[in-house]
Amino acid sequence: MFVLGLQGSPRRKGNSAYLLTALMEAMEGYGARTHVVEIERRHVEPCREYIVCEKKGFCPIDDDMKTEIYARIWQADVVVVASPIFFYNVTAQLKALIDRCQTLWARKYRLRLTDPGRPTRRGFLLSVAATRGKQLFDGVHLTVEYFFDAIGAQYEGGLTYRGIEHKGDMEKHSSVREDVRKAADRLTAPFRDRRVVLFAGRNNTGASRMAGAFTRFLAGDRWEALDAGIHPSDSPDPSVQKVMHERGIDMGFRNPGSLDHALERALPDRIIDLGAGGSIPEVPGARVQRWDLPAAAGLPEDRLTALRDEVEKRVREELASTDRNS
Ligand SMILES: Cc1cc2nc3c(=O)[nH]c(=O)nc-3n(C[C@H](O)[C@H](O)[C@H](O)COP(=O)(O)O)c2cc1C
């Protein structure tokens with residue numbers, strides 16, 4: 001389970017930072033891997049309305065969104081947004097990141113692609129403000145509701161606190177520790193009992209990549225799907241991306257990964273070997289199975305489409321037989 005925190009406050013060790021750190025630590029206690037992006041300290045440009053994303057599904061602006069943050073959002077099972085209220089909304093730092101997610105909105109609504117994490121991803125808000133008005137959090141709720149929709153996350157509400165102004169105010173709040181513990185329990189519950197499957201290929205550009213995406217899309221509530229290669233390629237295979245896009249599955253913002261990196265993320269209960277051979281490290285308790293499938297590299301389009309369909313069929317059969325036996 002991977003939890004991404006997006007920290008919108010420019011203030012170091014301020015109130016939203018306290019809340020986000022406390023929630024991340026509590027979620028780690030439930031087995032989550034976490035990562036926080038402090039937007040103020042990163043290079044995130046505002047949207048310039050080039051509208052390239054609406055036609056091509058990517059943003060031409062060269063910054064940390066492109067090199068890292070889109071990918072982290074799509075890896076995440078849970079995205080937590082933290083921001084103080086600035087003039088009834090999120091900070092400019094967080095708003096810049098949100099606006100740049102028009103790219104993910106465009107992939108969903110214009111290009112009609114489904115990110116494999118969409119059926120299971122959750123979104124949560126943490127927010128604080130100095131005053132106490134009834135409508136204080138209305139603006140931020142509306143903004144993050146549409147942000148979570150754009151990134152394919154179900155909005156799970158949030159923790160919001162009034163009358164919090166100076167550094168240190170948040171940690172003095174009487175119920176904050178218990179609120180955070182309950183939120184961590186609730187947000188991690190859907191992911192805690194998932195089994196882990198690793199699809200291990202050679203370069204992690206072909207069948208292993210497709211199998212990971214299909215498993216996350218079809219059964220992300222029951223399985224955490226990892227895919228990796230013994231010699232991961234530097235970049236994805238555009239032909240593989242194309243045939244998956246034709247099937248409606250979005251393969252954007254994902255680079256091939258190594259077996260070591262995958263095994264750091266989670267220890268698999270099941271390993272499916274798609275050409276990694278004897279190089280797969282032994283994982284105690286993991287059942288290893290081999291699928292003999294052709295390498296995707298260089299296949300003509302019709303055979304690549306056939307490979308995609310075969311991978312989908314095997315994933316569906318595997319899921320059905322595991323569900324029957326459990
Ligand atoms: C530019 C700016 C705008 C703010 N606007 C509001 C506001 O509209 N309503 C409010 O209650 N507090 C407002 N505040 C106060 C902050 O929300 C409050 O101090 C908060 O605790 C800061 O959280 P942080 O430590 O996470 O940055 C504003 C503060 C700043 C600096």
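In listed order, ligands and their atoms are each counted from 1. Keep in mind that the numbers below use all heavy atoms, side chains included, and drop hydrogens, waters and symmetry copies.
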Numbered atoms of ligand 1 (with element) below 4.0 Å of Gly14, judged on heavy atoms = 25 (O)
note = Quick look: Ser16 vs ligand 1, heavy-atom contacts under 4.0 Å, and the answer is both
ask   = Using 4.0 Å as the upper bound for N to carboxylate O, is an ion pair formed by Glu28 and Arg33?
value = no
message = Determine whether Val196 and Trp223 satisfy the following criterion, side chain to side chain contact (heavy atoms under 4.5 Å, CB included), listing intermediate values before the conclusion.
response = CA-CA 5 Å; Val196 181; Trp223 286 93; 5.8 Å; no
Single-linkage hydrophobic cluster, 4.5 Å side-chain cutoff, Val144 and Tyr70 together = yes
inquiry  = Starting from atom 23 (O) of ligand 1, what is the nearest protein heavy atom, named by residue and atom, and what distance separates them?
reply    = Pro84 CB, 3.2 Å
ask   = Can you tell me the protein heavy atom closest to atom 5 (N) of ligand 1 and the distance?
value = Phe87 N, 2.9 Å
task = Please write down residue, atom name and distance for the protein heavy atom closest to atom 19 (O) of ligand 1.
result = Glu165 O, 3.0 Å
note = Heavy-atom nearest pair, Asp221 first then Arg194, reads O-CG, 3.4 Å
request  = Please could you name the atoms of ligand 1 that Ser9 approaches to less than 4.0 Å, counting only its heavy atoms?
outcome  = 24 (P), 26 (O), 27 (O)
request  = Looking only at protein heavy atoms, identify the closest one to atom 12 (N) of ligand 1 and say how far it is in Å.
outcome  = Ala130 N, 3.3 Å
inquiry  = I want to confirm something. Looking only at heavy atoms, which of Asn15, Ile85, Ile164, Asp169 is nearest to atom 13 (C) of ligand 1?
reply    = Ile85
query = Among protein heavy atoms, which lies nearest atom 11 (O) of ligand 1, and at what distance?
reply = Thr131 OG1, 2.6 Å
ask   = If you count the atoms of ligand 1 from 1 in the order shown, which ones are under 4.0 Å from a heavy atom of Leu136?
value = 9 (N), 11 (O)
message = Distance under 4.0 Å to a non-hydrogen atom of Val128: what atoms of ligand 1 satisfy this?
response = 17 (O), 20 (C), 21 (O), 23 (O)
inquiry  = Using only atom types and a distance under 3.5 Å, with no angle test, would you say the side chain of Gln241 pairs donor to acceptor with the backbone of Met251?
reply    = yes
Electrostatic pair Arg316:Glu312 at N-O distance under 4.0 angstrom = yes
message = Looking at every non-hydrogen atom in both residues, tell me the closest pair between Val140 and Ser127 and how far apart they are.
response = CG1-OG, 4.4 Å
message = For atom 30 (C) of ligand 1, what's the nearest protein heavy-atom neighbour? Residue, atom name and distance, please.
response = Phe86 CE1, 3.4 Å
message = Less than 4.5 Å apart, side chain to side chain, heavy atoms only: is that true for Val197 and Asp269?
response = no
